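Residues: numbered from 1 along the sequence shown. Computed from a prediction, not measured in an experiment: that's the story for all the values here.
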Amino acid sequence: MYIGLSERGVYMRYSENCRQLFLRSAEFVAPMLLGKLLCKKFTDGTVKKLRITETEAYCKQDSAAHSFGGKTRSNQSMFMSGGTAYVFNCHGWQFNIVCGTVNAGEGVLIRGVEGFDGPVKLTKGLNIEKEGVDGTDLLSPQSTIWIEDDGYEANYRTTVRKLGENKSADTDARNKKWRFILTL
């Protein structure tokens with residue numbers, strides 16, 4: 001775990017010491033990520049840190065999850081250990097944080113961050129694409145994308161998930177209150 005100082009006081013970069021947090025279910029991790037900072041280091045060395053404002057959980061046996069039909073070449077990162085990045089294309093690249101143990105197939109979609117409302121706008125704003133990010137261990141000190149906690153106290157509300165054009169999701173999946181929105 002890396003600890004430093006920020007304008008809010010002490011901040012912590014999630015590292016291998018925090019793996020246990022990400023080995024929990026996506027339903028637990030999704031609201032926990034609200035208010036945290038999604039950080040990306042660019043090739044020129046600059047770092048952009050944006051507060052996570054909206055998340056959505058995709059859990060085991062969830063017909064709306066990409067893992068529901070089992071492991072494929074395109075979704076194999078979703079079956080890695082919690083704390084791994086999973087990037088997929090649906091009207092543009094979208095970024096997830098894998099949750100649970102290896103083969104759990106759970107993840108949290110980062111739906112929004114400060115300044116970028118929507119998962120595709122977020123990935124465009126941070127230049128996140130499948131190549132170079134998918135399968136990345138977000139807890140590795142060498143990772144160019146990671147999560148930080150700067151002590152921001154997050155309040156949130158829950159709502160039913162926005163499943164867009166996911167026609168295969170059953171009624172139960174559509175009615176889950178697994179979408180979490182930061183309230184100010």
Side-chain angles (χ1 to χ4, degrees), residues 1-2 12-43 47-50 52 54-113 119-120 122-149 161 163-164 166 168-169 173 176 178-180:
M1 153 176 30
Y2 179 84
M12 176 185 76
R13 177 176 172 164
Y14 286 108
S15 65
E16 185 61 42
N17 295 339
C18 304
R19 180 82 57 194
Q20 284 300 119
L21 291 171
F22 295 93
L23 295 179
R24 308 225 18 211
S25 77
E27 185 179 8
F28 173 84
V29 176
M32 181 205 78
L33 289 170
L34 290 171
K36 304 301 184 270
L37 298 169
L38 178 59
C39 307
K40 173 86 183 320
K41 184 175 184 178
F42 295 88
T43 54
V47 175
K48 194 179 272 189
K49 299 180 180 189
L50 300 170
I52 298 171
E54 188 174 353
T55 60
E56 201 164 84
Y58 289 89
C59 297
K60 292 179 187 176
Q61 303 306 315
D62 180 350
S63 67
H66 286 186
S67 57
F68 185 70
K71 190 185 294 187
T72 66
R73 195 176 72 194
S74 66
N75 76 1
Q76 62 188 340
S77 295
M78 187 125 174
F79 292 89
M80 295 173 84
S81 181
T84 301
Y86 167 56
V87 180
F88 68 94
N89 193 353
C90 180
H91 306 294
W93 296 116
Q94 298 191 29
F95 176 76
N96 285 258
I97 298 174
V98 176
C99 301
T101 58
V102 172
N103 293 321
E106 293 197 15
V108 174
L109 172 65
I110 306 300
R111 288 198 56 84
V113 296
V120 174
L122 164 126
T123 56
K124 284 182 181 178
L126 289 176
N127 195 26
I128 295 172
E129 295 181 350
K130 191 165 189 83
E131 187 175 323
V133 177
D134 186 55
T136 297
D137 182 359
L138 302 171
L139 307 180
S140 167
Q142 287 79 37
S143 178
T144 59
I145 187 165
W146 66 91
I147 305 294
E148 282 184 8
D149 183 346
R161 294 187 302 185
L163 297 175
N166 188 340
S168 64
K176 292 283 186 195
W178 284 349
R179 183 172 167 220
F180 304 90

Do [X] and [Y] have side chains that approach each other closer than 4.5 Å (heavy atoms only, starting at C-beta)?
| X | Y | result |
| --- | --- | --- |
| Asp137 | Met80 | no |
| Leu50 | Leu122 | no |
| Lys130 | Tyr86 | yes |
| Trp93 | Ile128 | no |
| Pro119 | Ile110 | no |
| Leu33 | Phe22 | yes |

Atom pair [atom1] ([X]) and [atom2] ([Y]), whose distance is rounded to the nearest 0.5 Å:
| X | Y | atom1 | atom2 | value |
| --- | --- | --- | --- | --- |
| Thr55 | Asn96 | OG1 | CG | 10.5 Å |
| Arg179 | Arg111 | CZ | CZ | 5.0 Å |
| Leu139 | Thr84 | CG | OG1 | 7.5 Å |
| Thr101 | Phe79 | OG1 | CZ | 11.5 Å |
| Leu37 | Ile52 | CG | CD1 | 7.5 Å |
| Met78 | Asp134 | CE | CG | 11.0 Å |

### Message
Applying side chain to side chain contact (heavy atoms under 4.5 Å, CB included) to Ser81 and Val98, what does each step give before you reach the verdict?
### Response
CA-CA 7 Å; Ser81 181; Val98 176; over 6 Å; no
Quick one: does any side-chain atom of [X] pair with a main-chain N or O of [Y] as donor and acceptor, under 3.5 Å?
| X | Y | value |
| --- | --- | --- |
| Asn75 | His66 | yes |
| Asp149 | Met12 | no |
| Arg19 | Gly82 | yes |
| Glu106 | Cys99 | no |

Please report the shortest heavy-atom distance between [X] and [Y], naming the atom on each side.
| X | Y | answer |
| --- | --- | --- |
| Arg24 | Val29 | O-CG2, 4.0 Å |
| Leu126 | Lys40 | O-NZ, 3.1 Å |
| Ile145 | Val133 | CG2-CG1, 4.3 Å |
| Gly125 | Lys48 | O-NZ, 3.5 Å |
| Glu56 | Ala30 | C-CB, 4.5 Å |
| His91 | Val120 | O-CG2, 3.6 Å |

### Task
Kindly check if the number of other-residue, nucleotide or ligand heavy atoms within 6.0 Å of NZ (Lys49) is above 12?
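Yes, enclosed.
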### Message
Determine whether Gln142 and Ser140 satisfy the following criterion, side chain to side chain donor-acceptor pair (under 3.5 Å), listing intermediate values before the conclusion.
### Response
CA-CA 5 Å; Gln142 287 79 37; Ser140 167; 3.1 Å; yes
